There are 2 protein chains.
Amino acid sequence: MSSIPPLSDDSNDQADQSELLDLVGYNIRRSYIVIQALFDKEMEKHDLRQAEFSVLSVVKGNPGINQRTLAEALAVAPPNLATLLDRLEARGLLTRQRSTGDKRVQHVELTKEGARLYGRALKAAAAADDAAIEKLSEAERMQLRTLLRKIFIE
Amino acid sequence: MSSIPPLSDDSNDQADQSELLDLVGYNIRRSYIVIQALFDKEMEKHDLRQAEFSVLSVVKGNPGINQRTLAEALAVAPPNLATLLDRLEARGLLTRQRSTGDKRVQHVELTKEGARLYGRALKAAAAADDAAIEKLSEAERMQLRTLLRKIFIE
DNA sequence: TATTGTTATACTCTATAACTATA
DNA sequence: TATAGTTATAGAGTATAACAATA
């Protein structure tokens, strides 16, 4: 006489999450988790966090940018940008220079060392990016960037 | 004789961030910030955070799911799931029931109140989602979900 | 009065180590 | 020994209030 096994504790089950997957927001969130992990792992080598990398990038592309414009471009709150810049300045990666015109304003620029580090970090960032989207064709990658941009560009 | 104006403090400039925008990861990050803000605002009405909403959703779709499977499905660390469930259970939205087979396992289910709240919250979530992707056609929305899923589905 | 940037601080999210009880 | 779940805690990220200096 065979005994009836206990009800499954669904030990090896995969959960159905179809309602969540219908939401674009949830798909963005999950993708963000994956790409963030890959990015952080690459960036560790250069001792840079995401926000720090993006600061270096925008400062490099906009030498002498002021902090307000920088904070706005990166969607970072001004108090958090201040401490971000403190760290990067202490590491000798950038400089803050008081404006001669409006003395409230500070102009931010990369140092040579900052530009050098950013150059290396950009390659690492591109590598992480590639790893995350390895399953996408070149056309799909372009498409993805375009679609996402419609969400956050005003 | 006209005086020369001081160098621009780029007061109204927009920063060039083309190198960042080439990275899919950065586009995901920025979109995530936008959609998250819309989502949170909608969810406030139901006193639910993102992680709490996703727990309710997966439990509703998988009644009796155990915590390990739930944690894995949502990419939430077990200790954080435990405190998440504490709060939801204290609010009477779900129950944890010790398995009769394996007494280490707990089975999670929504209460009637939990199911009711989730029903309302899902509508709010869909509204936030729609607001974020209002510029996308139906075909583009589908496309976006498909592309993103290729990043985080193993 | 408004703006740029700072300091201090609090809150949330996420991650890890150490534990329990069961298997 | 390994697994399910918990507790405690630390860290990072983000947000707000109050301030100083300048416009």
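On a predicted model such as this, the values are computed, not experimentally measured, just so you know.
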Item to complete: Verify the contact: side-chain N or O of Q36(A) to OP1 or OP2 of dT14(C), cut-off strictly under 4.0 Å; return yes or no.
Response: no
Discussion item. Please compare T83(A) and L81(B) by the position of their nearest nucleotide in DNA chain D and report the one closer to 5'.
Written reply: L81(B)
Response to the item:
Among dT6(C), dT22(C), dA12(D), the one nearest any side-chain atom of A82(A) is dT6(C)
Response to the item:
Among the nucleotides dT6(D), dG5(C), dT14(D), whichever has the atom closest to the side chain of R29(B) is dT14(D)
Worksheet entry | Electrostatic pair R96(B)-E109(B), nearest N-O below 4.0 angstrom | no
Response to the item:
Checking dA23(C), dA23(D), dG5(C) against the side chain of R104(A) (C-beta onward), the nearest is dA23(D)
Worksheet entry | Closest to the V105(A) side chain, choosing from dA23(C), dT6(C), dT4(C) | dT4(C)
Worksheet item: OP1 or OP2 of dT12(C) less than 4.0 angstrom from a side-chain nitrogen or oxygen of R87(B), does that happen here?
Response: no
Fill in: Phosphate OP1/OP2 of dT6(C): any Q67(A) side-chain N/O under 4.0 Å
yes
Worksheet item: Under a 4.5 Å side-chain heavy-atom rule over Ile, Leu, Val, Met, Phe, Trp and Tyr, are I33(B) and L21(B) clustered together?
Response: no
Worksheet item: Looking across every strand, which nucleic acid part, if any, lies under 4.0 Å from R98(A) by heavy atom: base, sugar-phosphate, or nothing?
Response: nothing
Practice prompt. Would you tell me if any nitrogen or oxygen in the side chain of Q106(B) comes within less than 4.0 Å of OP1 or OP2 on dT6(D)?
Written response: yes
Worksheet item: When you check the side-chain N and O atoms of Q106(B) and N66(B), is any donor under 3.5 Å from an acceptor?
Response: no
Practice prompt. Among dG5(C), dT6(D), dC13(C), find the nucleotide with the atom closest to the side chain of R49(B).
Written response: dC13(C)
Worksheet item: Nearest of dA23(D), dA4(D), dT16(D) to any side-chain atom of P79(A)?
Response: dT16(D)
Worksheet entry | No-H, no-angle donor-acceptor pair, D102(B) side chain to dA4(D) base, under 3.5 Å | no
Discussion item. Rounded at 0.5 Å granularity, tell me how far OG1 in T95(B) sits from NE2 in H107(B).
Written reply: 11.0 Å
Discussion item. On the side chain of N66(B), is there an atom forming a donor-acceptor pair with the base of dA4(D) - under 3.5 Å, no angle test?
Written reply: no
Worksheet entry | 5' priority, DNA chain C, between I33(A) and D86(A) [closest heavy atom] | D86(A)
